[in-house]
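Quick notes on the structure that follows.
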Amino acid sequence: QVQLRESGGGLVQPGGSLRLSCAASGFTFSSYAMGWYRQAPGKERELVAVISSSGSNRNYANSVRGRFTVSRDNAKSTVYLQMTSLKLEDTAVYYCRRGFDAWGQGTLVTVSS
(Lines give C-alpha, C1' and ligand atoms only; values in the text may rest on other atoms or scores of the structure.)
Protein backbone atom coordinates (compact mmCIF):
# COMPACT_ATOMS: atom_id res chain seq x y z
CA GLN A 1 0.00 0.00 0.00
CA VAL A 2 0.99 3.63 -0.42
CA GLN A 3 3.13 4.91 2.43
CA LEU A 4 4.60 8.36 2.94
CA ARG A 5 6.79 8.91 5.95
CA GLU A 6 8.00 12.40 6.85
CA SER A 7 10.98 13.06 9.06
CA GLY A 8 13.31 15.89 10.00
CA GLY A 9 11.01 18.12 11.99
CA GLY A 10 12.01 19.64 15.29
CA LEU A 11 12.63 22.80 17.24
CA VAL A 12 14.66 25.53 15.59
CA GLN A 13 15.37 29.17 16.36
CA PRO A 14 14.19 31.96 14.07
CA GLY A 15 16.59 32.33 11.18
CA GLY A 16 17.59 28.70 11.38
CA SER A 17 17.29 25.88 8.88
CA LEU A 18 15.80 22.41 8.69
CA ARG A 19 15.53 19.79 6.00
CA LEU A 20 12.44 17.63 5.88
CA SER A 21 12.36 14.29 4.12
CA CYS A 22 9.46 12.20 2.90
CA ALA A 23 10.21 8.59 2.10
CA ALA A 24 7.68 6.97 -0.21
CA SER A 25 6.86 3.33 -0.84
CA GLY A 26 4.15 1.20 -2.36
CA PHE A 27 3.94 2.99 -5.70
CA THR A 28 6.04 4.15 -8.64
CA PHE A 29 7.41 7.31 -7.08
CA SER A 30 8.86 8.73 -10.29
CA SER A 31 5.40 8.82 -11.88
CA TYR A 32 3.89 11.29 -9.42
CA ALA A 33 4.17 14.94 -8.63
CA MET A 34 4.71 15.45 -4.92
CA GLY A 35 3.71 18.26 -2.62
CA TRP A 36 4.54 19.64 0.78
CA TYR A 37 1.73 21.14 2.84
CA ARG A 38 1.55 22.55 6.33
CA GLN A 39 -1.06 23.16 8.97
CA ALA A 40 -0.50 25.64 11.74
CA PRO A 41 -2.51 25.51 14.97
CA GLY A 42 -6.02 26.80 14.38
CA LYS A 43 -5.48 27.22 10.64
CA GLU A 44 -6.36 25.31 7.54
CA ARG A 45 -3.84 23.14 5.77
CA GLU A 46 -2.03 25.04 3.03
CA LEU A 47 0.18 24.19 0.11
CA VAL A 48 3.84 25.01 0.61
CA ALA A 49 5.58 23.60 -2.46
CA VAL A 50 5.08 21.16 -5.30
CA ILE A 51 7.51 19.39 -7.56
CA SER A 52 6.78 17.59 -10.79
CA SER A 53 7.45 13.91 -11.26
CA SER A 54 10.79 14.54 -12.97
CA GLY A 55 11.74 17.39 -10.67
CA SER A 56 11.99 19.84 -13.53
CA ASN A 57 9.11 22.03 -12.37
CA ARG A 58 8.64 23.48 -8.91
CA ASN A 59 6.19 25.93 -7.43
CA TYR A 60 6.04 27.61 -4.05
CA ALA A 61 3.63 29.49 -1.87
CA ASN A 62 4.43 33.19 -1.82
CA SER A 63 5.11 32.99 1.91
CA VAL A 64 8.05 30.61 1.46
CA ARG A 65 9.41 31.46 -1.99
CA GLY A 66 13.09 32.26 -1.78
CA ARG A 67 13.47 30.55 1.60
CA PHE A 68 12.31 26.98 0.96
CA THR A 69 13.50 24.58 -1.73
CA VAL A 70 11.71 21.40 -2.75
CA SER A 71 13.69 18.60 -4.38
CA ARG A 72 13.43 14.90 -5.00
CA ASP A 73 15.56 11.84 -5.53
CA ASN A 74 13.59 9.38 -7.62
CA ALA A 75 16.21 6.69 -7.12
CA LYS A 76 15.56 6.89 -3.38
CA SER A 77 11.81 7.54 -3.65
CA THR A 78 12.25 10.55 -1.42
CA VAL A 79 11.15 14.16 -1.60
CA TYR A 80 12.82 16.88 0.45
CA LEU A 81 11.97 20.32 1.71
CA GLN A 82 14.97 22.47 2.60
CA MET A 83 13.81 25.32 4.81
CA THR A 84 16.03 28.30 5.56
CA SER A 85 15.55 31.67 7.25
CA LEU A 86 12.77 30.14 9.29
CA LYS A 87 10.24 32.44 10.88
CA LEU A 88 7.92 32.05 13.84
CA GLU A 89 5.00 31.77 11.43
CA ASP A 90 6.52 28.71 9.79
CA THR A 91 5.59 26.71 12.88
CA ALA A 92 3.25 23.95 11.72
CA VAL A 93 2.86 20.27 11.07
CA TYR A 94 4.34 19.60 7.64
CA TYR A 95 2.87 16.91 5.43
CA CYS A 96 3.92 15.42 2.16
CA ARG A 97 1.34 14.35 -0.38
CA ARG A 98 1.34 12.21 -3.47
CA GLY A 99 -0.35 14.14 -6.22
CA PHE A 100 -3.89 14.86 -5.06
CA ASP A 101 -4.45 11.82 -2.90
CA ALA A 102 -2.28 10.09 -0.29
CA TRP A 103 -0.93 11.95 2.73
CA GLY A 104 1.85 11.24 5.16
CA GLN A 105 1.37 11.45 8.92
CA GLY A 106 3.20 14.76 9.23
CA THR A 107 6.22 16.08 11.09
CA LEU A 108 6.14 18.99 13.50
CA VAL A 109 8.31 22.03 12.91
CA THR A 110 8.48 24.53 15.75
CA VAL A 111 10.24 27.83 15.26
CA SER A 112 10.84 29.48 18.60
CA SER A 113 13.47 31.42 20.46
For V50 and Y60, run side chain to side chain contact (heavy atoms under 4.5 Å, CB included): C-alpha distance rounded to whole Å, both residues' side-chain angles, the deciding distance at 0.1 Å, then the answer.
CA-CA 7 Å; V50 293; Y60 300 92; over 6 Å; no
Sequence neighbours excluded, every pair satisfying salt bridge (charged side-chain N to carboxylate O under 4.0 Å, His left out) that has a member inside residues 98-113:
R98-D101
So the disulfide (SG to SG under 2.5 Å) pairs with at least one residue in residues 30-85 (sequence neighbours excluded) are none
Can you measure from OG (S52) to CG (N57) and round to the nearest 0.5 angstrom?
4.5 Å
Run the side chain to side chain contact (heavy atoms under 4.5 Å, CB included) test on R58 and S71 for me, step by step, so that the C-alpha distance in whole Å, both residues' side-chain angles and the decisive distance to 0.1 Å come before the verdict.
CA-CA 8 Å; R58 312 175 194 194; S71 62; 4.3 Å; yes
Less than 4.5 Å apart, side chain to side chain, heavy atoms only: is that true for W36 and V70?
yes
Roughly how far, to the nearest 0.5 Å, is the CG atom of L108 from the CD atom of Q39?
12.0 Å
Can I get a per-line list of side-chain donor-acceptor pairs under 3.5 Å for residues 79-93, giving both atom names and the distance, sequence neighbours left out?
{"residue": "T84", "atom": "OG1", "partner": "R67", "partner atom": "O", "Å": "2.6"}
{"residue": "D90", "atom": "OD1", "partner": "R38", "partner atom": "NH1", "Å": "2.9"}
{"residue": "D90", "atom": "OD1", "partner": "R67", "partner atom": "NH2", "Å": "3.0"}
{"residue": "D90", "atom": "OD2", "partner": "R67", "partner atom": "NH1", "Å": "2.7"}
{"residue": "D90", "atom": "OD2", "partner": "R67", "partner atom": "NH2", "Å": "3.4"}
{"residue": "D90", "atom": "OD2", "partner": "K87", "partner atom": "N", "Å": "2.7"}
{"residue": "T91", "atom": "OG1", "partner": "L88", "partner atom": "O", "Å": "3.0"}
{"residue": "T91", "atom": "OG1", "partner": "V111", "partner atom": "N", "Å": "2.9"}
{"residue": "T91", "atom": "OG1", "partner": "V111", "partner atom": "O", "Å": "3.3"}

Just grab all the disulfide (SG to SG under 2.5 Å) pairs involving residues 28-62, residues at least two apart or on different chains.
none
Can you measure from OG (S31) to CG (N74) and round to the nearest 0.5 angstrom?
8.5 Å
Disulfide (SG to SG under 2.5 Å): which pairs involve residues 43-95, sequence neighbours left out?
none
Only counting residues at least two apart or in another chain, list the ones meeting side-chain hydrogen bond (donor to acceptor under 3.5 Å, both in side chains) with T110.
none
Those residues that, when tested against N59, pass side-chain hydrogen bond (donor to acceptor under 3.5 Å, both in side chains) (two or more places apart)
none
Do I51 and F68 sit in the same hydrophobic cluster, where Ile, Leu, Val, Met, Phe, Trp and Tyr count as joined when their side-chain heavy atoms come under 4.5 Å apart?
yes
Expected output: side-chain R97 to main-chain L47 donor-acceptor under 3.5 Å
no
In short, ring pair (Phe, Tyr, Trp, His ring centres under 6.0 Å) pairs touching residues 93-113 with sequence neighbours left out are Y37-W103
Distance-only donor-acceptor pairs under 3.5 Å for side chains of residues 2-29, two or more places apart:
{"residue": "E6", "atom": "OE1", "partner": "Q105", "partner atom": "N", "Å": "3.0"}
{"residue": "E6", "atom": "OE1", "partner": "Q105", "partner atom": "NE2", "Å": "3.4"}
{"residue": "E6", "atom": "OE1", "partner": "G106", "partner atom": "N", "Å": "2.9"}
{"residue": "E6", "atom": "OE2", "partner": "C96", "partner atom": "N", "Å": "2.8"}
{"residue": "E6", "atom": "OE2", "partner": "G106", "partner atom": "N", "Å": "3.3"}

